[in-house]
Amino acid sequence: MRARIKKFLDSGTLFVWFCGTAVAASLLLVGGVLLLIMVNGLGFFWPHALVDLTLTDGTHVLGELKGEEVIPYSETPAFPEGKTRVRLKVGNRDLYGLDFRWVDTDQIVSAESPKDVAAFERREWGNFYGRIREVSRGGDVVASGNQEGWKALQPLIEQANDLHEEIEHLQRDVIGDINYDIEETRLKIRELELSGQHEPQEVAELQTATKQLETQYEKHVATLRKLSRQLDEYAVILVETNGREKQLAVGQIVKALRPNDMGFVEKILRYFMNFWSVLSEEPREANTEGGIFPAIFGTVMMVLIMSVAVVPFGVLAAFYLREYARQGLIVRVIRIAVNNLAGVPSIVFGVFGLGFFVYAVGGTLDTLFYPEALPTPTFGTGGILWASFTLALLTVPVVIVSTEEGLSAVPREYREGSLALGATKFESMLRVILPCALPGILTGLILAVARATGEVAPLMLTGVVKLAPALPLDHHFPFLHFERKFMHLGFHIFDVGFQSPNVEAAKPMVYVTTLILVMVVIVLNLSAVALRNYMQKKFKASAV
Amino acid sequence: MQAAETTMASSERSQDNEHKLTVEDTDFFYGEKQALFKVALTVPTHHVTAFIGPSGCGKSTLLRCFNRLNDLVEGARVIGRICLDGKDIYDPSVDVTDLRTRVGMVFQKVNPFPKSIYQNVVYGPQLQGVRRRSVLDGIVEKSLQGAGLWEEVKDRLHHSALGLSGGQQQRLCIARALAVNPEVLLMDEPCSALDPISTAKIEELLHSLKEQLTVVIVTHNMQQAARISDLTGFFLMGELIEYAETKTIFTNPSDSRTEDYVTGRFG
């Protein structure tokens, strides 16, 4: 019997099962996380049906059904499995105080989904669920009743959205440009003053320019006020399901939907529209509503800057360690140190980045090149450049290690063959060894990108903000503004999910942001993989 | 038969024999380990010289001294004199890369670069600064013809070299070495990984190659040494036991150890 057990163990069948189980468990965990994110994240865009519940006390509750749960410790002999309650998103935060409401199942008399209720997405106070009482213009009723009002409201909302777009354009592009020019002129004047040898005439010219800009500014602000007043021209009186009224300007409504009245195709269309608006719009209401475009942009741009910074550094260091340095104790110690560097907590890198890049390097740059802007720091404060550099520091061990592996995988015959043809060591490295090691280098880049995209802690110290006023890339020379603060998907998750006062309302946004962060990581990685395969093809079997 | 002809031809020429490479009482060390003991020989111009001997006897080490590829090995040391055209190649004034363009090498392990056939051949010339496309094209054609590969690859010069067969790859390596116009071609067991047909092609090639340059070949295959070489050196344990005309070595060796080896009694 013992011999048979020993034979079974030695045969390795059991070991194969262990290996398989390990793989299966890993896949299950990864799959589970992805599934959770996908289900919750992708569900966010669907126009959910509205239910109207009638309770035992005669009141109504209208909202989106978000789930059913067992009430903790509610098990009684009558209900051995415990009572249940449902969670509804009832919106109307200005009337109710809370977006969400829990209703015990046994208090519900009936539930229906009326076709004439609408969900209004507003610029403030979240969604409103209810019906329309009347639409008015300066006190005169334009349309009254739910049906009439609905018809009258649709074009008005479109108009208002156009107006909002115009206002935004005016604010951001026109007035933003004027402000930019005014600031530039101010800095020029300050620079002349600091240099001490300014011509009074020159300063006077600049001051006149400022005056002109300020007049233009006033003019545009006047237009802006006029447009804002137009937004308030039409008002609508909404009524929630129990009859409480709420009057608001049509300009406050982003869009109005009747999800119970929508067909399947219409819902799918709306789904993709919602998806696109999250991808392309700016956040609203402390990031809990609206889109996340600046965060996506900031993440991608930061990773790109980091890649540009990390690859040359890591590759050069690896070349020195592998090709030039005398292999011995010192190189071994350096190698171990580099490997350990990858295990240092990222917040430590953040602190280092803050101390070294932001205060030391940035502060010095400010006193040397931007004295006219002081005491406002230019580079002496967190910014996308410093955040990228900090991450580059964090990921450089990965690049060094995989480049070294790539280099050691280059066959000795290639080196000898190249040298035997009269190449110097440098020429051999440049023309034979580097191309052969390129896949290894790019593998390092892939790992670095994956690590850097998900990193948040060091960024919080070196330049990430909750809401950045401008993207780090725009039409003002020199187009890339490395000193600007930026938004980041990872930080966005933290901020929306854990720093917002209305956690329940922010939850879908957290899932969506997570989903998009995962998607960004995948896209960045796939492009690095594609690059590697392209290079491999190009150098391994050139011009096939 | 063929071997006999070659020997005759070489003995005819041996009167006006120039010494291309001269090795004078050379010791070689890998760190503490001595790999060559007081080796002395001369390699005549336009001849094929073969080194034979069992594994680890130092024949490859000597070959790698001729183009100073041993410099790469940490702790490698040469004591003695190795001269190319009478000039010590270990003299500090010698430019190693320059030496290596004069002394080309073909390796045991077939090693075309992972580039196109064309790029492989022009690798050496480009290092020397040849940039003109027409010149490079000429070099490619001439070198591939010299290596007997031109007819087989002329239509796919820009395909990957790794798509060729083993024998073709080795001939490409020969063409790559020929492209820099070397005076000496070192071959370190060039056929040990090849099938008999490819081997025959390369042996054939050697006959024409020695018209242009001097060939030194290390081989494990004694028939091969007998077929292709004019002179043969037998190495054992880092010592040069016997060095003479190939015919003599194989038919009438003066040392009993040589006789034992060439008749297959050991090794």
Side-chain angles (χ1 to χ4, degrees), chain A residues 319-332 334-335 403 405-443 531-544, chain B residues 63-64 66-75 95-129 156-164 169 172-173 176-182 185-188:
Chain A
F319 262 96
Y320 184 79
L321 285 179
R322 179 62 63 180
E323 302 288 329
Y324 283 114
R326 235 179 89 115
Q327 303 298 314
L329 184 70
I330 299 177
V331 167
R332 276 227 301 284
I334 291 175
R335 219 167 259 150
T403 305
E405 266 162 30
L407 286 177
S408 63
V410 177
R412 208 182 57 154
E413 287 76 25
Y414 286 171
R415 296 160 201 269
E416 288 186 344
S418 173
L419 290 173
L421 286 167
T424 62
K425 189 164 184 171
F426 175 68
E427 286 167 328
S428 308
M429 284 197 312
L430 206 63
R431 304 186 52 169
V432 177
I433 300 175
L434 181 67
C436 288
L438 214 54
I441 294 169
L442 288 170
T443 304
L531 185 69
R532 178 178 63 181
N533 291 350
Y534 170 75
M535 292 289 188
Q536 235 162 3
K537 223 176 171 172
K538 193 171 164 197
F539 286 106
K540 270 269 142 59
S542 66
V544 169
Chain B
L63 197 71
R64 285 163 163 264
F66 291 152
N67 68 349
R68 290 186 58 178
L69 214 53
N70 278 331
D71 291 10
L72 301 180
V73 183
E74 231 165 274
D95 180 359
V96 183
T97 57
D98 194 47
L99 170 74
R100 287 176 187 152
T101 59
R102 292 176 62 195
V103 183
M105 185 160 184
V106 176
F107 296 82
Q108 175 183 12
K109 195 159 172 202
V110 180
N111 64 345
F113 300 133
K115 298 167 182 275
S116 73
I117 295 169
Y118 187 93
Q119 283 171 325
N120 262 286
V121 179
V122 299
Y123 187 85
Q126 276 184 343
L127 288 173
Q128 289 175 11
R156 46 171 175 154
L157 288 177
H158 296 283
H159 289 221
S160 170
L162 301 184
L164 297 174
Q169 288 190 6
L172 176 62
C173 291
R176 188 173 69 183
L178 292 180
V180 288
N181 263 325
L185 185 62
L186 309 174
M187 303 182 102
D188 191 355

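Convention: sequence-line order gives letters A, B, ...; per-chain numbering from 1.
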Leading residue by heavy atom contact count with chain A [cutoff under 4.5 Å; candidates B:Q128, B:R100, B:R176]: B:R100
Residues which pass side chain to side chain donor-acceptor pair (under 3.5 Å) with B:Q169, listed by chain and number, not counting sequence neighbours: none
Partners passing side chain to side chain contact (heavy atoms under 4.5 Å, CB included) against B:P182 (at least two apart in sequence or in another chain): B:V180, B:L213
Under 4.5 Å from a heavy atom of chain A, the part of B:V103 involved: backbone
Qualifying residues under side chain to side chain donor-acceptor pair (under 3.5 Å), relative to B:N70, sequence neighbours excluded: none
Between CG on residue B:L69 and CZ on residue B:R64, distance to nearest 0.5 Å: 5.0 Å
Parallel, tilted or perpendicular: rings of A:Y414 and B:F113 (30°, 60°): perpendicular
Side chain to side chain, B:F107 and A:E416, heavy atoms closer than 4.5 Å: yes
Gap between atom CZ of A:R412 and atom CG of B:L72 - 0.5 Å precision: 8.5 Å
Inter-chain contacts: residues 424-431 of chain A against chain B, heavy atoms under 4.5 Å: A:T424, A:E427, A:S428, A:R431
Chain A contact via B:Q126 - which portion, at a heavy-atom distance below 4.5 Å: both
Part of B:L127 lying under 4.5 Å from any heavy atom of chain A: both
Validation row: B:S160, B:P114 side chains within 4.5 angstrom (heavy atoms): no
